[in-house]
Amino acid sequence: GLMTEAAERVTQYALCDLDWPHLWLTNAQENHPSRRIKEKQGARLIDLMIGEHVGGRGPQMVWLLRREDWLAREVEIQPRLKFAGSADSG
């Protein structure tokens, strides 16, 4: 979906263009679609804690997405992705 595509582009920019080694990510525990995006990107669940969300305080999931994990997964899906700057995105 749209959020998955947006997450992929932001992740690519951070890990490849900016050369960051990893990203720390969070979501409300009950936000299952957000959790699924992180799982698809290869992030690892690190911790559960109480945090602030749009709906107030509640359980929060903390994830670590390492560049090498994302790139390993990226190789599997790269042929399906088309980025705005690529020659074949016409």
Can you get from Leu71 to Tyr13 by hopping between Ile, Leu, Val, Met, Phe, Trp and Tyr side chains that sit under 4.5 Å apart? yes
Counting C-beta onward and ignoring hydrogens, is there a side-chain heavy-atom pair between Cys16 and Trp70 closer than 4.5 Å? yes
Is there a continuous path of hydrophobic side-chain contacts, each under 4.5 Å between heavy atoms, that joins Leu18 to Leu15? yes
Approximate separation, where rounding is to 0.5 Å, of Thr26 OG1 and Gln60 CD: 4.5 Å
Under a 4.0 Å N-O cut-off, is there an ion pair linking Glu8 with Arg73? yes
Rounded to the nearest 0.5 Å, what separation is found between the CG atom of Asp69 and the CG atom of Leu23? 11.5 Å
Taking every heavy atom of Ala7 against every heavy atom of Ile37, the minimum-distance pair comes out as CB-CG2, 3.7 Å
Of the non-hydrogen atoms in Ala43 and Leu65, which two are nearest, and what is the gap between them? N-CD1, 3.6 Å
Output the distance between atom NE2 (His32) and atom CD (Glu30), rounded to the nearest 0.5 Å. 7.5 Å
Separation between CZ (Arg67) and CG (Asp19), nearest 0.5 Å, reads 4.5 Å
Rounded to the nearest 0.5 Å, what separates atom CD in Glu68 from atom NE2 in His22? 10.0 Å
Leu25 and Met3: same hydrophobic cluster, using ILVMFWY side-chain contacts below 4.5 Å? no
To the nearest 0.5 Å, tell me how far Asp47 CG sits from Met61 CE. 10.5 Å
